[in-house]
Amino acid sequence: QVPLVESGGGLVQAGGSLRLSCAASGHTLSTYSMGWFRQAPGKEREFVAAITRSGGATSYAESVKGRFTISRDNAKNTVHLQMINLKPEDTALYYCAAVRNVLILRDPWRYDYWGQGTQVTVSS
């Protein structure tokens with residue numbers, strides 16, 4: 001098991017910014033590709049962004065491209081999701097996930113470990 005803990009969610013007005021963080025205590029995240037997913041009420045969990053183990057490659061959902069940035073600090077064992085110009089449709093529970101793989105993966109079922117999520121609410 002890799003215990004992932006997300007933080008940084010909250011309530012923000014449209015156009016605002018938030019920075020989500022994901023940390024793993026007692027485990028080295030550098031051996032995992034990491035992803036962020038989100039799930040709004042009544043909807044399926046959807047891919048947001050992913051980053052390879054080294055941080056050399058990233059991928060984003062079209063809906064967040066240009067507004068969200070995924071990054072990682074392997075020395076600190078953390079992964080971040082910087083979100084700017086937030087929209088009400090970004091409102092969801094955001095999850096961090098890890099997979100022992102070298103590739104960028106967009107399918108949630110491919111990921112091995114998940115955090116409990118952090119709520120992001122964007123008001124109009």
Side-chain angles (χ1 to χ4, degrees):
Q1 281 295 93
V2 177
L4 301 173
V5 179
E6 303 94 337
S7 61
L11 173 64
V12 64
Q13 289 187 332
S17 302
L18 285 173
R19 186 179 189 236
L20 305 184
S21 296
C22 174
S25 175
H27 290 268
T28 303
L29 286 183
S30 61
T31 59
Y32 296 86
S33 288
M34 302 295 295
W36 285 96
F37 294 80
R38 66 187 183 187
Q39 188 166 17
K43 295 187 177 181
E44 293 187 352
R45 192 168 299 190
E46 66 172 357
F47 170 77
V48 175
I51 189 167
T52 52
R53 297 184 300 187
S54 67
T58 58
S59 180
Y60 298 91
E62 283 299 318
S63 59
V64 307
K65 199 172 290 185
R67 301 187 298 120
F68 291 12
T69 303
I70 188 171
S71 62
R72 66 189 303 160
D73 186 340
N74 286 340
K76 295 184 178 180
N77 231 21
T78 55
V79 179
H80 303 284
L81 186 68
Q82 178 68 51
M83 307 184 294
I84 65 171
N85 192 19
L86 282 160
K87 304 176 180 180
E89 51 264 43
D90 294 319
T91 295
L93 189 60
Y94 282 71
Y95 296 91
C96 171
V99 58
R100 194 184 290 275
N101 197 297
V102 300
L103 302 175
I104 292 281
L105 299 174
R106 292 174 165 247
D107 300 308
W109 60 268
R110 293 182 180 271
Y111 283 76
D112 301 315
Y113 304 107
W114 293 83
Q116 294 299 306
T118 185
Q119 179 67 39
V120 171
T121 303
V122 184
S123 63
S124 57

Sequence neighbours excluded, which residues qualify as salt bridge (Lys or Arg N to Asp or Glu O under 4.0 Å) partners of [X]?
{"X": "Lys43", "answer": "none"}
{"X": "Glu89", "answer": "none"}
{"X": "Glu44", "answer": "none"}

Joint cluster assignment, Val48 & Tyr113, ILVMFWY side-chain distance < 4.5 Å: yes

Using side-chain heavy atoms (C-beta onward) and a distance below 4.5 Å, is [X] in contact with [Y]?
{"X": "Phe68", "Y": "Leu86", "value": "yes"}
{"X": "Asp90", "Y": "Met83", "value": "no"}
{"X": "Glu46", "Y": "Arg38", "value": "yes"}

Heavy-atom closest pair, residues [X] and [Y]:
{"X": "Gly117", "Y": "Glu6", "answer": "N-OE1, 2.9 Å"}
{"X": "Pro3", "Y": "His27", "answer": "CD-CD2, 3.3 Å"}
{"X": "Gln119", "Y": "Ala92", "answer": "NE2-O, 3.4 Å"}
{"X": "Thr91", "Y": "Val122", "answer": "OG1-N, 2.9 Å"}

Cut-off 3.5 Å, no hydrogens considered: what does the side-chain donor-acceptor table look like for residues 7-23, sequence neighbours left out?
| unit_1 | atom_1 | unit_2 | atom_2 | d |
| --- | --- | --- | --- | --- |
| Arg19 | NH2 | His80 | NE2 | 3.4 |
| Ser21 | OG | His80 | ND1 | 2.9 |

Evaluation steps, side chain to side chain contact (heavy atoms under 4.5 Å, CB included), between Asp112 and Asn101: CA-CA 10 Å; Asp112 301 315; Asn101 197 297; over 6 Å; no

Polar side-chain atom of Arg72 near backbone of Gly55 as donor-acceptor pair, under 3.5 Å: no

Any donor-acceptor pair under 3.5 Å from Asp107 side chain to Arg110 backbone: no

Connected hydrophobic set around Leu93, excluding itself, where side chains approach under 4.5 Å: Phe37, Phe47, Tyr95, Val99, Val102, Leu103, Leu105, Tyr111, Trp114

Reported CG-to-OG1 distance for the pair Asn74 and Thr28, which is rounded to 0.5 angstrom: 9.0 Å

Selection residues 47-60 - residue pairs positive for side chain to side chain donor-acceptor pair (under 3.5 Å), sequence neighbours left out: Ser59-Arg106

Worked verdict on Thr78 versus Leu29 for side chain to side chain contact (heavy atoms under 4.5 Å, CB included): CA-CA 7 Å; Thr78 55; Leu29 286 183; 5.9 Å; no

